Structure formats: C-alpha cells, structure tokens
Amino acid sequence: MQKLFLYNSLTNKKEPFEPVKEGYVGMYVCGPTVYSNVHLGNVRTFMSFDMIYRYFLHLGYKVRYVRNITDAGHLTDDSEEDKISKKARLEQLEPMEIVQKYTTDFHEILQKFNFLPPSIEPTATGHILEQIEAIETILKNGLAYEVNGSVYFDVLKYNEKEHYGILSKRNIDDAIENTRNLDGQSDKKNPQDFALWKKADPEHIQRWNSPWGIGFPGWHLECTVMSTKYLGEKFDIHGGGMDLKFPHHECEIAQAQACNHVNPVKYWLHGNMLTMNGKKMAKSTGNNILPEEIFSGKNANISKAFTPSVARFFMMQAHYRSILDFSNDAILAAEKGYNRLMEAVELSKKIESSETSTLEVEAWRQKCYEAMNDDFNSPILIAHLFEAVKWINLINDGKESLTQGDLDLLRDTIQTFVFDILGLENVHKHDDNSDRLDGLVQLLIEMRKKAREDRDWALSDQIRDKLIALGIQLKDGKEGTTYSLN
RNA sequence: GGCGUCAUGGCCGAGUGGCUAGGCAGGGCUCUGCAAAAGCUCCCACAGCAGUUCGAAUCUGCUUGACGCCUCCA
C-alpha cells in the first residue's frame, strides 16, 4: 500500500497516515447547515474531502465517511432565535420544510459535481436523544452547569485539566482578556462557555423536551455525538472548513474529552477558503456565487456558463489547504486546460501501440502517486497529467511510442487519477440529438472537403468559421478532419 | 486589540537550501490554401530590508501589505 502523508492541523505537521485500525478509515466531515442554498465556497470544502475520500478508497481502505446535515439550527447571536427558525418564519414554512428544501438542493448540487455520497449522512434532529445523553454525561463529569433551563460547558474548569485551545493554538487566558463584551444578560459563568442545551422561548419553533425543559441542542454537540456514534470514541480523520477550527472543532474536542476522556481525532484536516474578489465567500455577506449560477452563467462575476466538471477542475488545480480566489479569468483559463486534458484522454483511447516504448510510464505513474501521497497534492498531480497529455499527442504524431503493456498502463493510470480520484467527468453532450448533430457536422465536413478540393476557399472558410462560432471546432489532420464541441 | 496564515513571472497556481512544476495568455517555428487544432520552442518569477550560509526565492529577524479566526459561517 502507498505511504500517505497528511497535514494534521492538530500538530501543524505533515504526518504519515497510520489508521486506528489497519485497513480501515473513519472520516467525519462537518456538513452544511441547511437554511439556504450552498454556495461555491461551501462546495469547495466538501469537494476537497470528496477527493480525499476517493483517494482512500482507491488505496484500498475500507472507509466509513460520515458527513452530517445540520438541521437543528445553530444560534446566530445571543438572541434566542436560530437560523432555521428565522428562515422558516421568513418564508412562512415549517422548519422541516426549510430543512428538506435545502437538503435536497445540497444533494442535487453535489450530484452535479459528481460527488460520491458519504457512507452515512446523519442529521442533528435525528440524534436529539444522543445529544441529551451526552449532556447528562458531561454534567455528571462536572464539566457543565445548568442555568434557567439551559446547560453550558464549563470551559475554565475543563481547562484546569485539559487544554482548551489545543487545536486552534489559543491560550484561554488570552481569550479571556480579549473577549468582546457582547451583553450583560448571559447566563454563562464565563464568556468562553458554550451552550450544550439552550432553553427555547415560547415563540421558538424548533423545540424538544429534555431533562432541563423545552429547548434545543447547542452549537457543537451534534458533531461530537454523531461522530462518536458512527466512528467510535477515537477515529482517524475529522475534516471541515478552516473557519470551523475555532470555536466549533475546539468545542468538539472538549465535549468528546468531557464525555469519553479521549482526544477523539487522530488527524484534523482543514480545507481553506474559496474567496471571490479577494474576500471570503459567505452567505451572510452576499459575497458568493451559487453553483447554479456557474452552470447557467447568470452571475455578474462571470462572462459565461461553466460545466460542473470545469468548476471541479478549477478547484482541483489548487491545493486544498491553500486559499483559492475565484475569478472569471481563472475559471476561463481552467476551462481551456480542462478541455485540452479531456481531448488527450479521448485521444489516448485511439492511439496505437508499438514494438518499443520511448517513455517511462511506470515512473510517471509513481510520480502521480507521490503527488497524492504528499497531503493530497492535486495540483502537482494535474501537472503530471499534463505531461501525459503531451505524451499522448506526441505518440499520435508518431514522435514517441509505447508497447501495448505501457499503453494499457498509461490509459489505466489516467482513468484512475482523472476520473476515479479527481472525480472529473468527460461530459459528452449525449442528448437525444447527438447522433443528428454528429451527422450534420460530418455532412458539413464532407461539403467543406469538396469545396477545398475545388479550391473554393470562400465556401470552405465560411463553413469553418460559422461552425466555430457555434462552438464546433474543426481539426484538420493528416487522416482527415475531426471536430470537438466547446 | 489578540491569535494565525500568506505574500511567486501578464493572469491562475505548485514547490524546493544549490539541479529553478503545471495551466492560461503572449512571441517564434513545424504543419496548413490561409487558419485553427496539435507538436516543438522562447519569455527564467519568487513583496521590501537586514542576517545565517560556500550558496536562499526556499532558514531567521524586522518592515509593509493581504486574508482568516476571535460572533453563525465550508
């Protein structure tokens, strides 16, 4: 099995991956809060982990990939209203209608981007009982306290024996000094404390019964409970966006420690932000672009529509831990590179083998693995894939050659990395009219051929230029004319 | 204010103490009726200032700038 190194946010180091249980990987990724459409920035994080999931599967691990749906509603501020209920009131819908609507949207979007579904996709509302039990355990262990029907985690007490800040590299004393004074009416003993259970006011729509009265679970508890339930007290990988590192993931560690006395996660992986115009994409600021807008081209920041696979390629060209800035120029450039890659992939199916090989396919294949083994370095992998693009074209020109065995290896490796691991798709516009379109274009190619034989350049160029205007690129080669659709 | 990350060629983006990814755009050549496509090739960058070193863009310090977190956030 390939030796994989990954960057652990807990230690800030690249470490060799050694699973808790040999041959198995338990991976938990914080999913979306389903109160509005996912934007491209949300998608980036999930896509990074989709690629990581795919790579683990390819390496032969048995992976249980858990990605939750947050449908219980997190608090937005110190008011008692949470996101889900807020939106529900706005649209005159039941909270679960909102949840259903945006969960469906989430799934549809990810499907278009060719995501593999997670092994388990648990919901917060489906685990209220488990959350209540966890709170009882934490209370019993003396690390939480109840005030007026709410239960808070006692961060200072926890910090006496454990390190609150172990992940985000924060010092609790600094945090105390620098906490903003939001209001004076909080029930918390200390501003650092966070809610495990929050009392629901009468007008609060999402509400459940509990030993502390009617209320709803706190911000961070669901992930602790669900990851423990499905992956165990100690599991391999926990992922999420960089912006969740603090406080969300820090609180998860504290809760798990308080419940199970175990540091729950071996490797913390954090994907970096997708920015637009140099600023983080966020639902709240309006600085974002929706996947549907990418697919339709209907957004002021882009000049045309892009396929999901082009957007995926654009994101895979950057490392998951780097900030990536979205712009029209950047995705246009990515689209051209993507097209060139896909055309070479198609061509690779047609090129023929020779008696001898002039290229080192096995060494190249190993370089592809080395790229992925180095903290899932997809941009380096793509650089290597473009080396193969060059090879395929040279073989096609008769300037290099491969034996049947090497050619099969090349094709297999491309298939593996381009489609299985990066999750790209070569989108053929195979609608009902594709045969007709092909027939039409072939007819025009014939007519142009005739015109060229008659030296009727005006006609032949007209055919060529009108077709390119329609997005049909004619390619004159030694063996005749072919075409590609843009 | 505190904590942290990052500053790479026209653009996007990797990476390493010396051998200097890749994509896009641009120049030249091959091919072509002219082109396009494809191939070859050129353009050798690492914010600024000091320091460590035989040697740094890569290590250290400072400066400047950007971003992220500290409040829901992928």
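Each chain gets a letter, A, B and so on, in the order its sequence line appears, and its residues count up from 1. Keep in mind that what you see is a predicted model, and the values were worked out from it rather than measured.
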When you compare B:A56 with B:G15, how far apart are their C1' atoms, in angstrom units rounded to a whole number? 14 Å
What one-letter contact string describes nucleotides 29-36 of chain B from 5' to 3', where B marks a base within less than 4.0 Å of any protein heavy atom, S marks contact via sugar-phosphate atoms alone, and - marks no contact? ----BBBB
Any base atoms under 4.0 Å from A:His39, or only sugar-phosphate, or nothing? Heavy atoms, all strands. base
Any base atoms under 4.0 Å from A:Met273, or only sugar-phosphate, or nothing? Heavy atoms, all strands. base
Could you measure between the two C1' atoms, the one in B:G23 and the one in B:G13, and give it in whole Å? 8 Å
Taking B:G51 as the reference, what is the distance to B:U58 when you measure between their P atoms (whole Å, please)? 14 Å
Test applied, ring-ring contact (aromatic ring centres under 6.0 Å, His included); reference residue, A:Tyr158; option that passes from A:Tyr152, A:Phe194, A:Phe153: A:Phe153
Would you call A:Asp187-A:Lys199 a salt bridge at under 4.0 Å N-O? no
Can you tell me whether the side chain of A:Lys279 and the base of B:C67 have a donor-acceptor pair closer than 3.5 Å? no
Taking a pair to mean Watson-Crick or G-U wobble geometry with both distances below 3.5 Å, B:G17 pairs with none
Applying the side chain to side chain contact (heavy atoms under 4.5 Å, CB included) test to A:Tyr320, which of A:Asn377, A:Leu269, A:Asn272 qualifies? A:Leu269
OP1 or OP2 of B:C70 versus the side-chain N and O atoms of A:Ser168: is any pair under 4.0 Å? no
Please give the nucleotide sitting opposite B:G68 as a Watson-Crick or G-U wobble pair, both distances under 3.5 Å, or none. B:C3
Contact nearer the 5' end of RNA chain B, comparing A:Gly31 with A:Lys14: A:Lys14
Between B:C3 (C1') and A:Leu167 (CG): distance, integer Å: 13 Å
Between B:C62 and B:C6, how far apart are the P atoms? Round to whole Å, please. 16 Å
Any A:Arg340 side-chain N or O less than 4.0 Å from OP1/OP2 of B:C24: yes
Residue list, side-chain contact (heavy atoms from CB on, under 4.5 Å) with A:Lys449, at least two apart or on another chain: A:Glu453
Checking all strands, does A:Asn396 fall into the base, sugar-phosphate, or nothing category for heavy-atom contacts under 4.0 angstrom? nothing
May I ask you to decide whether A:Asp454 forms a salt bridge with A:Lys450, counting only side-chain N to carboxylate O separations under 4.0 Å? yes
Determine the contact category for A:Leu385: base if any of its heavy atoms lies under 4.0 Å from a base atom, sugar-phosphate if only primed atoms, P, OP1 or OP2 are that close, otherwise nothing. nothing
Would you call A:Glu425-A:Arg312 a salt bridge at under 4.0 Å N-O? no
Taking the nucleotide of RNA chain B with the closest heavy atom to each, which residue, A:Gly271 or A:Ser322, is nearer the 5' end? A:Ser322
Hey, does the Lys NZ or Arg CZ of A:Arg170 hover above the aromatic six-ring of A:Phe246, less than 6.0 Å from the centre and inside 45° of the axis? yes
In whole angstroms, how far is the P atom of B:G4 from the CH2 atom of A:Trp268? 20 Å
Atom P, compared across B:U60 and B:U5: separation rounded to whole Å: 11 Å
Distance check: side-chain N/O of A:Lys336 vs OP1/OP2 of B:A25, anything under 4.0 Å? yes
Reference residue A:Phe113; test ring-ring contact (aromatic ring centres under 6.0 Å, His included); the match among A:Phe306, A:Phe46, A:Phe295: A:Phe295
Just call it for A:Gly278: base, sugar-phosphate, or nothing, with non-hydrogen atoms closer than 4.0 Å on any strand. sugar-phosphate
Provide the distance between the two C1' atoms, one in B:C46 and one in B:G17, to the nearest whole Å. 14 Å
Which value, in whole Å, describes the distance between the C1' atoms of nucleotides B:C54 and B:A38? 46 Å
What I'd like to find out is whether the side chain of A:Leu422 reaches to under 4.5 Å of the side chain of A:Leu381, using heavy atoms alone. yes
Whole Å only: how far is the NE2 atom of A:His384 from the P atom of B:G15? 12 Å
Kindly say if A:Asn393 contacts the phosphate of B:A38, meaning a side-chain N or O under 4.0 Å from OP1 or OP2. no
For A:Lys169, answer base if it contacts any base atom (sugar-phosphate contacts may also be present), sugar-phosphate if it contacts only those atoms, and nothing otherwise; contact means non-hydrogen atoms under 4.0 Å. sugar-phosphate
Could you measure between the two C1' atoms, the one in B:G9 and the one in B:A14, and give it in whole Å? 14 Å
